[in-house]
Amino acid sequence: MKNSYDHSGVESKWQQRWEEEQLYAADEDSEKEKRYVLDMYPYPSGAGLHVGHVEGYTATDIYTRYLRMRGYNVLHPIGWDAFGLPAENYAVKTGIHPKETTDSSIKNFIEQIKRLGLSYDWSREIGTHTPEYYKWTQWFFLLLYKNNLAYKKDAPVNWDPIDQTVLANEQVLADGTAERSGAVVEKRNMMQWFFKITDYAEALDADLDLVDWPESTITNQRNWIGKSEGAELQFPIVGKETEVITVFTTRPDTLYGATYMVMAPEHPLLDLLKGDITNWNEVAAYVKESASKSDIERSAEGKEKSGVRLEGVMAINPATKEEIPIFIADYVLGHYGTGAIMAVPAHDERDWEFAKKYNCAIREVIERTDAPAPFTGNGILKNSGTCSGMESLQAKSAITEMVGGHMKTTYRLRDWLIGRQRYWGAPIPIVYDPEGNPHPIPEEHLPWLLPTDVDFEPKGYSPLSRSKELHARTEKIFGTGWTPEVDTMDTFVCSSWYFFRFADPHNEQAFASAEQIKKWLPVDLYVGGAEHTVLHLLYARFFTKVLHTLGYISFSEPFLKLRHPGTILAEDGRKMSKSLNNVVNPNDVVDQYGADAVRMYEMFMGPLADMKPWSTQNISGVRRFLEKVWRLQASVGDEANATADSVLHYTVKKVGDDIESQKFNTAISQLMICLNALQSAPLSRAQWSTFIRILAPFAPHMTEELWEKIGEEGSIHSAPWPQYDADAFAQESAPYAVQVNGKVRGTITLKSGVSEQEAIEQAKAVSNVAAYLNGKEIKRTVFVAGRLINFVV
RNA sequence: GCCGGGAUGGUGAAAUCGGUAAACACGCGACACUUAAAAUGUCGUGAGCAUUUGCUCUUGUGGGUUCAAGUCCCACUCCCGGCACCA
């Protein structure tokens, strides 16, 4: 077609030239103000890029290109989250080494990304599976280990029977299935490596106040951390001088209503009381049964609670001095609070239910008017000794103090299990002496290489244990009888610090130099999927806070501003999936419509954060817009299009503002409005130059070609963003709505400086309005400058 | 159950501070160009009534505040995401 725009020729021409010129490399020596714009680096899957990647990457690319034109020194890097299970599972099936599949997937990703014209600084590319990178992942492990933030513990853990590895709590969904494999997770007791993220629970919660993140992401993280303020109280045990039961409660004000106690079946005190418990067989059986169940299984069995009373032992309510019975029940969780509770059946639904079933005493200690029990609200205390008559909120600290307890904050967050019984990950840099004690591998032996002489078949224990090379290496360096740690690290460890590496990707002395970190970090804008709310985004914050406390960095939050692109659904409104055969492949649409059109379409679909369905029909609208732009170059001459000038100035402002707030859909609308205006008459070279420059971040290839065609030197993407003149679009006159009783009855055009009186005068004269006002008394007149006049009759 | 977000034409959506709802597109219809089609261009397009200038209704449902509500308040329905025996 003669008139139409040849996207493939133009796009490949410029992609090649940009690469040769390293046009998008961040400038280390520049004095210009920095900006760090980051995409969540992808897992390089065999399936290649999907349209969801394109959405987020285009958003940051537009923003990045805009910032460069505005004179910022921008860091916009990309890399690969390259360790992980899909490649390893593929290796199990085919025998092809994961490194091979990963590297070929990366190659494919690079090709696809380059075809989209994304302006990454390729000189900073990283891959977490390279020894140069995982050397520092291991260094981070040792840093945490040396600072008592990494420990090994025999603990009940989540076991994924399909992927044959343990998982972090964050990788198990609410329904008890594994986030990755979909398998129902089993509970196992295993010796495992943990990071002590709980040390940072308070900071992780509090510092969410410091960041500009989506509200839902902040709340979800808060929920996960689960901060809860209450009190720790001690209940003596009858006949025991040394032992007490410590409980955590958010309602110390209801202490007088505590008529029994419940401990988790795994509570350590149980062993000490063993000799006094007369029904030990029954108790032991219950403990054994509940130990075999995961938390999910415990709660999945419905709200029907079970428990066993410890016969022969009693506790003492420290407020009433009454002797009260003790139960064990699996609705009390061993890992939360102190693993024991005081039960207040009158004012807690769970305790109420349990008390009804096991015939426990129920005593109301809060005044209330309505009958149905239990009452969980606040109110005036009763039956509470000297505290009766107090307001329950005030009584919290008073009662706590009275019985010698203390106020206490607890968190739901648990430590991060980082060991994996799989091959394709960074080896944990630990060796064991012949007695089995762990020792950190000295830094000079890093990177501690992932051995290659292993079969990948998961057999319920780590494939690295089958590596002869790894064992030989360990003995050679550390001595006979020494053995290597054979678990590898969760890939989320690799991604917890990658954004630091981009600042200084080739440094061999440090994970990144202090100067380069200071120059580039923190990240100014971070864009990526919302599915990482309690995974990557929590872990990366944890690592950052550790570096902060240890004095490596001066800031405590890694990502100042975060945005999530919404899911792109298939044309049928369902999720894209291979099995539904409704996946849109970016390659195909780029072939057909060009990268510029695909980029602009994805931005034009709707607000970045919204879930939106793909529409092949709508992409042709954007393509049509680009063709109109292409044809407009024929109308460029010496004379300006006078009628379009104010629109053009306004568009410069609007597009700039919208890019800064990531409202790309309305920016594109405005560009369309502007084009429609420019088409009305021939336009000047200056107008054309302005228009293609503000279009450049969206359609980088076509605008670069047009820039060259008007004989401009250098790249349009290095050209300055145009200035606008606010006077040019200041309205000399504005249309006013004329309302009678709030209903529009006519419109008039008034000069911008019009007086209220004159406006009212003219409004009354509008014939349709006059008819409505005829013979009626005007009770009130409302005048809103630039908008409307409203007569109330 | 609790927390967060949302619901606007046939479709994707827009609407600074409460101020003419539906911008910009898609689709559809008519016309122009063409032997014809495609492409392109012009006009029209929330619903209904009247068709001439107009009138009535309309932003999930029901109330309220206000001269004026998509926007603020109260109650509810449904959808999406998260958490869920967390004491």
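To find a chain, count down the sequence lines: A is the first, B the second, and so on, and within it residues start at 1.
- Across rG70(B) and rC17(B), the matching C1' atoms stand 16 Å from one another, rounded to whole Å.
- The shortest distance between the side-chain N/O atoms of Arg745(A) and the OP1/OP2 oxygens of rU56(B) is below 4.0 Å.
- Without hydrogens or angle criteria, Asp415(A) side chain to Ile197(A) main chain gives a donor-acceptor distance under 3.5 Å.
- Using a 4.0 Å heavy-atom distance criterion, Tyr772(A) is classed as a sugar-phosphate-only contact.
- Its glycosidic angle being more than 90° from 0, rC80(B) falls on the anti side.
- Going from the C1' atom of rA13(B) to that of rG62(B) covers 27 Å, rounded to whole Å.
- Of the side-chain N and O atoms in Lys743(A), one or more sit less than 4.0 angstrom from OP1 or OP2 of rC57(B).
- Within the 4.5 Å cutoff, the side chain of Asp658(A) has no heavy atoms near those of the Gln670(A) side chain.
- Tyr331(A) has its OH atom 13 Å from the P atom of rC85(B), to the nearest Å.
- No N or O donor and acceptor, one from the side chain of Asn223(A) and one from the base of rC83(B), sit under 3.5 Å apart.
- Under the 30°/60° scheme for interplanar angles, the aromatic rings of His532(A) and His536(A) are found to stand perpendicular.
- At the phosphate of rG4(B), neither OP1 nor OP2 sits under 4.0 Å from any side-chain N or O atom of Thr217(A).
- Rounded to whole Å, the distance from CE on Met611(A) to P on rG81(B) is 6 Å.
- Rounded to an integer number of Å, the gap from CG of Leu695(A) to P of rC24(B) is 18 Å.
- Atom NE2 of His267(A) and atom P of rA87(B) are 16 Å apart (whole Å).
- Distance from the side chain of Trp224(A) is smallest for rC83(B) among the nucleotides rA25(B), rC83(B), rA87(B).
- Toward the 5' end of RNA chain B, the nearer of the two residues Met672(A) and Asp610(A), judged by each one's closest nucleotide, is Asp610(A).
- Dashed line: the shortest gap from a side-chain N or O of Tyr736(A) to OP1 or OP2 of rU20(B) is not under 4.0 Å.
- Toward the 5′ end of RNA chain B lies the nearest nucleotide of Arg787(A), the other residue of the pair Ser228(A) and Arg787(A) mapping further downstream.
- Separation of the Tyr601(A) and Trp614(A) ring centroids falls under the 6.0 Å cut-off.
- Classification of rG9(B) as syn follows from a glycosidic angle within 90° of 0.
- Among the heavy atoms of the strands, none lies under 4.0 Å from Arg222(A).
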